[in-house]
Every structure is written in C-alpha cells, then in structure tokens.
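The basis for the numbers below is simple: all heavy atoms, side chains too, and nothing from hydrogens, waters or symmetry mates.
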Amino acid sequence: MQSKPFSYLFTISYFGARFKGWAVQKGQPTIQGKLERVFRFVLGNDDFTILGGSRTDSGVSCREGYFQFFSKEEINWENYLDRLNQNLGGEIKLLGVMATERSFNLIAGMKSKTYRYFFSDSNLHPFATAFVAEVSEGKLDLSKMNAAAQFFEGKHDFRAFCTLSESKSDYQRKITHCQISKSDQFSGEFFSREIWMMEIKGEGFLHHQVRKIMRAIWYVGLGNWTLAEISERLKVPEKNWEKIPPAPANGLFLWNTEL
C-alpha cells in the first residue's frame with residue numbers, strides 16, 4: 001500500500017542497449033535503478049517511490065512510456081526537470097511530468113501498449129544494429145509474414161508464444177493490431193534501404209511475448225514454418241510445443257502507451 005500523499009506522472013524515453021531492463025537488479029545497470037540514483041542526488045533525499053508502467057526486458061528501448069512517482073512532499077518540478085535530465089546522461093530522457101490524483105493507479109489506467117520491432121534481411125552496417133535486428137538466415141517473404149501476423153490478432157492463450165512462469169496461470173491476452181510493413185523510421189548511409197517493422201498493439205503482454213511472436217513470423221517468412229504451425233499453437237496452447245527463442249532485443253521498442 002502506497003502511503004506517500006503526492007503523486008506525479010512522468011513521461012519517459014530511453015535507449016535500452018546498455019541496461020538490463022527496467023526493474024532494479026542488484027549489481028546491474030537498469031532504468032529504474034538509474035532513475036532512483038539520479039532522483040536521490042538531485043532532490044537530496046530518498047523519500048520517494050517509483051512505479052514503472054512497463055517492465056521492459058534487457059536491451060529493449062522505449063520511445064514513449066510512463067512511470068509514477070510518489071513523494072512525501074509536494075514538488076515543483078520546474079526547479080528540477082532540467083537537472084534530472086542532465087544527470088541522466090542522455091540515454092534516459094524525462095519528456096514531461098504532471099501531478100495526478102493520489103488515487104490514480106498507473107498500471108490499472110493503462111489502456112494499451114504499442115510495440116514496434118525493426119528488422120531487415122539485408123546486410124546491416126554495425127552502427128544500424130543498435131536499432132535494427134538482422135535476419136541473416138535468408139530472404140523473407142513479407143506477404144506470408146503479414147498473413148502470419150493476422151493470426152495473432154484477437155484474444156488468445158499465448159503460452160506457446162511467451163516465457164512461462166511458475167507464478168502465472170493466466171496466459172490470455174488480447175491483441176488488437178499486428179501488422180508487418182516497410183519502415184521509413186531510419187535512413188542514412190548506415191541503414192539498409194529495406195527495413196521492415198512489426199507493429200503490435202494490445203492491452204498487455206507476457207514475458208518475451210512480442211519477441212517470440214516476431215521470431216515465429218520470421219520462421220514463416222523464411223519458409224521454416226507454415227501458417228498452420230501458428231494456428232495450431234494458438235488453438236492448442238497447452239501442448240508440449242518446442243520452445244521458440246525470443247528475437248533479439250535490439251530491434252524492439254515500446255513505441256507508445258495509451259492511458
């Protein structure tokens with residue numbers, strides 16, 4: 001139960017390559033861990049609590065996300081926002097902040113999340129691989145991939161497309177949009193002319209769900225799987241299916257969050 005009376009909602013963006021995900025891990029660089037250190041330094045106290053809206057995995061980046069900040073005292077953030085960003089070092093950026101009602105619950109208030117996964121089957125320059133995953137196994141059939149993506153739309157049991165947890169029993173999730181399209185997000189001499197993206201939107205996602213869905217769609221695009229393989233895994237999720245390795249983290253971005 002959160003006891004601190006003042007609540008603030010921060011909008012955040014970060015490049016996740018150097019971080020071991022959002023959640024604090026002892027001895028590891030994480031987004032929340034760095035936020036807490038910088039807030040302690042700038043505010044001069046540690047009488048606050050940070051609640052993240054999305055626990056992104058190691059190496060995953062975020063274009064637009066949120067976290068809730070609870071404090072014992074009311075804070076005028078105009079006096080602190082620039083200093084916070086200076087000390088965050090550029091890889092994490094606070095885009096804005098607003099006061100919220102103490103009763104506001106960020107987790108309950110999230111309506112949807114949109115992820116984008118960027119990839120290419122071309123030979124990428126090393127600089128581009130910070131943002132785009134390279135599929136080196138062969139040329140991809142994008143029409144088959146789009147057909148595969150459509151299978152994931154709707155409400156399904158996704159246990160065959162996530163990393164299972166002993167503490168979790170509900171693997172039902174609803175995906176409202178899943179599509180493969182050409183991306184013009186990156187350009188310049190270091191980027192291939194053909195960069196594609198999977199855009200996927202849902203109310204919430206399981207551990208490694210987006211990255212395993214991306215890998216399954218690649219399998220179809222490479223001709224390793226038929227569409228029936230995806231259909232059967234969704235129809236009979238409890239079967240002892242061969243595990244799908246998650247696609248690399250470097251191509252994945254939490255693109256935006258709807259409150």
Side-chain angles (χ1 to χ4, degrees), residues 13-17 54 56-57 59-65 110-125 127-156 158 160-162 173-206 208-231 233-234 244-258:
S13 182
Y14 53 83
F15 178 54
S54 298
T56 47
D57 295 335
V60 175
S61 297
C62 171
R63 173 181 168 269
E64 182 189 72
M110 298 178 86
K111 295 178 181 177
S112 69
K113 299 175 186 177
T114 299
Y115 283 89
R116 288 185 178 180
Y117 193 106
F118 297 94
F119 62 94
S120 177
D121 57 5
S122 301
N123 187 24
L124 294 175
H125 189 283
F127 292 176
T129 59
F131 308 97
V132 183
E134 183 177 316
V135 184
S136 57
E137 295 89 341
K139 286 296 178 182
L140 296 166
D141 185 323
L142 276 300
S143 62
K144 288 183 178 178
M145 292 174 67
N146 236 328
Q150 292 174 25
F151 276 90
F152 293 104
E153 294 183 350
K155 191 171 184 178
H156 304 284
F158 283 98
F161 296 94
C162 73
R173 295 294 185 273
K174 183 179 180 181
I175 291 178
T176 56
H177 172 77
C178 187
Q179 184 177 19
I180 306 294
S181 62
K182 196 164 185 178
S183 171
D184 58 1
Q185 204 65 52
F186 303 106
S187 61
E189 64 175 300
F190 302 126
F191 291 93
S192 163
R193 292 182 181 178
E194 290 191 337
I195 294 175
W196 304 87
M197 72 174 182
M198 175 182 72
E199 184 174 77
I200 186 167
K201 180 179 180 180
E203 298 171 354
F205 294 91
L206 298 158
H208 289 156
Q209 182 183 348
V210 175
R211 290 164 61 190
K212 289 196 175 214
I213 286 174
M214 182 76 267
R215 178 77 72 177
I217 292 174
W218 286 349
Y219 284 167
V220 172
L222 291 165
N224 299 333
W225 278 14
T226 65
L227 294 175
E229 181 79 16
I230 290 177
S231 177
R233 283 176 177 251
L234 291 172
I244 306 167
N250 57 299
L252 183 58
F253 293 74
L254 175 57
W255 202 249
N256 67 270
T257 307
E258 183 182 356

Residues two or more places apart in sequence or in another chain: which of them pass side-chain hydrogen bond (donor to acceptor under 3.5 Å, both in side chains) with Asp141?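 side-chain hydrogen bond (donor to acceptor under 3.5 Å, both in side chains) list for Asp141, sorted by chain: Ser143.
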
Might you point out which heavy atoms bring [X] and [Y] nearest each other, and give the distance in Å?
X	Y	result
Leu252	Val60	O-CG1, 3.5 Å
Cys178	Ala149	CB-O, 3.5 Å
Ser122	Glu134	O-CG, 3.6 Å
Ser120	Val132	N-CG1, 3.9 Å
Ile230	Ala148	CD1-CB, 3.7 Å
Ser61	Gly16	OG-N, 2.8 Å

Would you call the rings of [X] and [Y] parallel, tilted or perpendicular, taking 30° and 60° as the class edges?
X	Y	result
Phe190	Phe127	perpendicular
Phe161	Phe158	perpendicular
Tyr115	Phe205	perpendicular

Ile195/Gln185 under side-chain contact (heavy atoms from CB on, under 4.5 Å): CA gap, chis, key distance, verdict: CA-CA 9 Å; Ile195 294 175; Gln185 204 65 52; over 6 Å; no

For the pair Asn146 (side chain) and Ile180 (backbone), establish whether a donor and an acceptor sit closer than 3.5 Å, ignoring hydrogens and angles.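 Yes, the answer is positive, given that a donor and an acceptor are paired below the 3.5 Å cut-off.
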
Extract all donor-acceptor atom pairs below 3.5 Å that involve side chains of residues 210-219 and protein atoms in other chains or at least two apart in sequence.
residue, atom, partner, partner atom, Å
Arg211, NE, Ala247, O, 2.7
Arg211, NH2, Ala247, O, 3.2
Lys212, NZ, Ile244, O, 2.8
Arg215, NE, Pro245, O, 3.2
Arg215, NH2, Pro246, O, 3.1

Atom [atom1] of [X] and atom [atom2] of [Y]: how far apart are they, to the nearest 0.5 Å?
X	Y	atom1	atom2	result
Leu140	Asp121	CG	CG	4.5 Å
Asn256	Ser13	CG	OG	11.5 Å
Lys201	Lys111	NZ	NZ	10.0 Å
Glu229	Thr226	CD	OG1	6.5 Å
Ile200	Ile175	CD1	CD1	3.5 Å
Glu194	Phe119	CD	CZ	11.0 Å

Hey, could you give me each pair passing salt bridge (Lys or Arg N to Asp or Glu O under 4.0 Å) that has a residue in residues 174-191? Not counting sequence neighbours.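 Every candidate salt bridge (Lys or Arg N to Asp or Glu O under 4.0 Å) pair involving residues 174-191 fails, so no pair, neighbours aside, qualifies.
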
When you check the side-chain N and O atoms of Glu258 and Ser112, is any donor under 3.5 Å from an acceptor?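 Yes, side-chain donor-acceptor contact under 3.5 Å.
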
Between Met110 and Ser54, does a side-chain contact (heavy atoms from CB on, under 4.5 Å) hold up when you go through it step by step? CA-CA 10 Å; Met110 298 178 86; Ser54 298; 3.7 Å; yes

Yes or no on side-chain contact (heavy atoms from CB on, under 4.5 Å) for Arg173 and Gln209, after CA distance, side-chain angles and deciding distance? CA-CA 10 Å; Arg173 295 294 185 273; Gln209 182 183 348; 4.0 Å; yes

Contact between Lys144 and Leu227 at the side-chain level, heavy atoms closer than 4.5 Å - yes or no?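 No, too far: nothing below the 4.5 Å cut-off.
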
Reference residue Phe118; test ring-ring contact (aromatic ring centres under 6.0 Å, His included); the match among Trp255, Phe191, Phe131: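 Only match with Phe118 under ring-ring contact (aromatic ring centres under 6.0 Å, His included): Trp255.
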
